Colleague: 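My structure is below; once you've seen it, I'll send some questions.
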Protein chains: 2
Amino acid sequence: MSFSITEENYIKAIFHLQQEDGTVSTNDLSAVLQTKPASVTDMLKKLKTKKLLSYERYKGVRLSAEGRRLALGIVRKHRLWEYFLFNTLQFGWDEVHEIAEELEHVTSKKLVEKLDAFLGYPRFDPHGDPIPDSHGKMTVRQQLNLIDLPVNKMAEVSGVGSQSSELLELLKHRNISMGTKLEVKRRFSFDHSLEIRIKGQQPFIISQQLAQALFVKLV
Amino acid sequence: MSFSITEENYIKAIFHLQQEDGTVSTNDLSAVLQTKPASVTDMLKKLKTKKLLSYERYKGVRLSAEGRRLALGIVRKHRLWEYFLFNTLQFGWDEVHEIAEELEHVTSKKLVEKLDAFLGYPRFDPHGDPIPDSHGKMTVRQQLNLIDLPVNKMAEVSGVGSQSSELLELLKHRNISMGTKLEVKRRFSFDHSLEIRIKGQQPFIISQQLAQALFVKLV
DNA sequence: GAAAAAATTTAGATTTGTCTAAAAATATTT
DNA sequence: AAATATTTTTAGACAAATCTAAATTTTTTC
Ligand SMILES: [Mn+2]
Ligand SMILES: [Mn+2]
Ligand SMILES: [Mn+2]
Ligand SMILES: [Mn+2]
C-alpha cells in the first residue's frame, strides 16, 4: 500500500505527539498540522480504514504497529536528509528542517539505503535527534537537559529541544552548536538563569528558556 | 507564484515535446503524461490563466517565456539529481530517471545551487543530456547519431536517445556506457546493422534500432 | 467539396483534502 | 448535579485533478 504526502505528514505528526502524550487529540494534531479540527477528524477516519491507527470517536488516536513502522521510515528519511544537507551541502542548522520536510516524501527505498551508506550510517541528525536504522531501531542517547547539569561538570551539546529558527538564530549568535563543550559555573535562582563557560572562552549568562532548550551529555 | 507537482510535470512535458514539434498537441501530451485528452484540455486552460503558455482551442499550445523559464528550472533540477544519483550514490544508469522525477519537484532554490556546487557544476547528466545552468543556459553538444558516424572514425558515446530500461539493459549487456570509445567497421545495407569495435575489444554487430538510439562525438 | 475519421473540447461526475457552521459529546466550574 | 466551556464530530460545500460520454471542430479521404 502507498500513502499520499498528506497522509505521511499526519502519521509523522501523530508519531511525534505520541512520544509525549501516549494518545493524541484531534486539537493537538490540528494545531501541529495547521488544519482545522474537522479536517483532522476526516483524515483520522481514513487512516483508520488503512489500518495505520486505532481511533474511536472522541477518544483520541494511537498508531498501530504498521503506522509506527511507516512513521519511523519517514523520520529516518527526514533525519538522513537533514544530515546530508548539513554535513554534505553545508547548510545551516536552521535551514535543513524545512527542506527535509519535502525530501522525506521521496519514495525510493533504495535511495534511502544508498544515502545512508554514502553518509556513513550516521546515528544522529544535526539537531542531535537519533536516526532510525533500516529496521526502525534508534540509539537512545542518554542526554541531560542543560538546566539539570551539575556545576563544574564538563559536558557537550548533543541536542536541541526545538527547531525554531528563533532558537537557532540565538544559538548561532551565542556561538553554541552541536558538540560545543561547556560547563555550568553558577545558577541564579531569581530567574533561573545560568552562567556557563564554553571551553576556552569567557563565561556568560544564558536564560532559563535557552537552557531548557539545550541537551548535553557528560564528557 | 508557485506551482503544483502536476502543473510542473505538464510544463516539463510541453517543453520536451516542443523541442521536436514547435507546437504541442493535446493528444501528444495525453500520451506522454498518461492522462485522458479531456484532462489535458482542462489543465491547459488553467496554465493559460497562469500565463505559462499560449493556448487557443484546437490550435495546440506553446510555452511563454515564463513557462520556458519554469521548465528549464525543472529540467535543471532533474538532471542535477540524476548526476548526483549516478555519480555520488552509484545508482545505475537505468535507475536515476524515475527517482529524479520526484526530486525535481523539491522547491528550495538554495538546495539546487548548493547541490550544483557540490557536484562541481556538471554540464551533462548520466544520459548525456545537457544540464541548464542557473540562468537556464545549456551547452549544446555537437553530437552525431551513431548511425551517421563514418567508418573507421574513433568516437565516444555521449548520449542516449531514450531512457527506457529496455535500452539501458541492452547497453549494459553490450558493455556500452557514456564515454565508451568505439568506431564503425562496416555497414550492412540489408538490415542497416553496423559492425562496431569498442576500443580494445573484438568487433560485434548492433541493430539499426540500437545505433539510432546512441549519440557519439568524434575524438 | 462532401463524407468519414481523428483530434479536441464540453458537460457532468468522482476523489482527495480542505473549509465553515452547527450539533453532539466530554470536561470543567460553580 | 446543573450550568458552562471546551473538544470533537457531522453536514454540506469547495478547489484540484481526474474520468467518461457526448458534442464540436479539424483533418483526411474519396
Ligand atoms: Mn513532510
Ligand atoms: Mn532534525
Ligand atoms: Mn516529475
Ligand atoms: Mn537524464
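If you're wondering where the values come from, they're calculated on a predicted model, not measured in any experiment. Reminder, nothing fancy here: chain letters follow the sequence lines and each chain counts from 1.
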Colleague: Rounded to the nearest Å, what distance is computed from the CG atom of residue D42(A) to the C1' atom of nucleotide dT10(D)?
Modeller: 9 Å
Colleague: By side chain to side chain donor-acceptor pair (under 3.5 Å), which residues pair with D129(A), not counting sequence neighbours?
Modeller: none
Colleague: Are the side chain of R186(B) and the backbone N or O of L194(B) linked by a donor-acceptor pair below 3.5 Å?
Modeller: no
Colleague: Rounded to whole Å, please give me the gap between NZ in K50(A) and C1' in dT15(C).
Modeller: 12 Å
Colleague: Once salt bridge (Lys or Arg N to Asp or Glu O under 4.0 Å) is applied, do any residues pair with K172(B), and if so which ones, sequence neighbours excluded?
Modeller: D94(B)
Colleague: Which letter, B, S or -, goes with each nucleotide of nucleotides 3-9 of chain C from 5' to 3', with contact meaning a protein heavy atom under 4.0 Å?
Modeller: ----SBB
Colleague: If you look only at pairs with a residue in residues 26-44 of chain A, which of them pass as a side-chain hydrogen bond (donor to acceptor under 3.5 Å, both in side chains), with sequence neighbours excluded?
Modeller: S25(A)-D28(A)
Colleague: Anything under 3.5 Å between a donor and an acceptor, one on a side chain of residues 100-107 of chain B, the other on a protein residue two or more places apart or in another chain? List them.
Modeller:
from: E101(B); atom 1: OE1; to: K12(B); atom 2: NZ; distance (Å): 3.1
from: E101(B); atom 1: OE1; to: H97(B); atom 2: NE2; distance (Å): 3.4
from: E101(B); atom 1: OE2; to: K12(B); atom 2: NZ; distance (Å): 3.0
from: E102(B); atom 1: OE1; to: T107(A); atom 2: N; distance (Å): 2.9
from: E102(B); atom 1: OE1; to: T107(A); atom 2: OG1; distance (Å): 3.3
from: E102(B); atom 1: OE2; to: T107(A); atom 2: OG1; distance (Å): 2.5
from: E104(B); atom 1: OE1; to: K12(B); atom 2: NZ; distance (Å): 2.9
from: E104(B); atom 1: OE1; to: H78(B); atom 2: ND1; distance (Å): 2.8
from: E104(B); atom 1: OE2; to: K12(B); atom 2: NZ; distance (Å): 3.2
from: H105(B); atom 1: ND1; to: E8(B); atom 2: OE1; distance (Å): 2.7
from: H105(B); atom 1: NE2; to: N9(B); atom 2: OD1; distance (Å): 2.9
from: H105(B); atom 1: NE2; to: E101(B); atom 2: O; distance (Å): 3.1
from: T107(B); atom 1: OG1; to: E102(A); atom 2: OE1; distance (Å): 3.3
from: T107(B); atom 1: OG1; to: E102(A); atom 2: OE2; distance (Å): 2.5

Colleague: In whole Å, I'd like the distance from the CE atom of M43(B) to the C1' atom of dT18(D).
Modeller: 9 Å
Colleague: Which residues within residues 4-13 of chain A lie with some heavy atom under 4.0 Å of an atom in DNA chain C?
Modeller: S4(A), T6(A), Y10(A)
Colleague: Check whether any side-chain N or O of N145(B) sits under 3.5 Å from a backbone N or O of Q212(B) as a donor-acceptor pair, and report yes or no.
Modeller: yes
Colleague: Would you say that more than 12 heavy atoms from the other residues, nucleotides or ligands in this model lie under 6.0 Å from the CD of E113(A), or not?
Modeller: yes
Colleague: Angle class for the F84(B)/W81(A) ring planes (parallel below 30°, perpendicular above 60°, tilted otherwise)?
Modeller: tilted
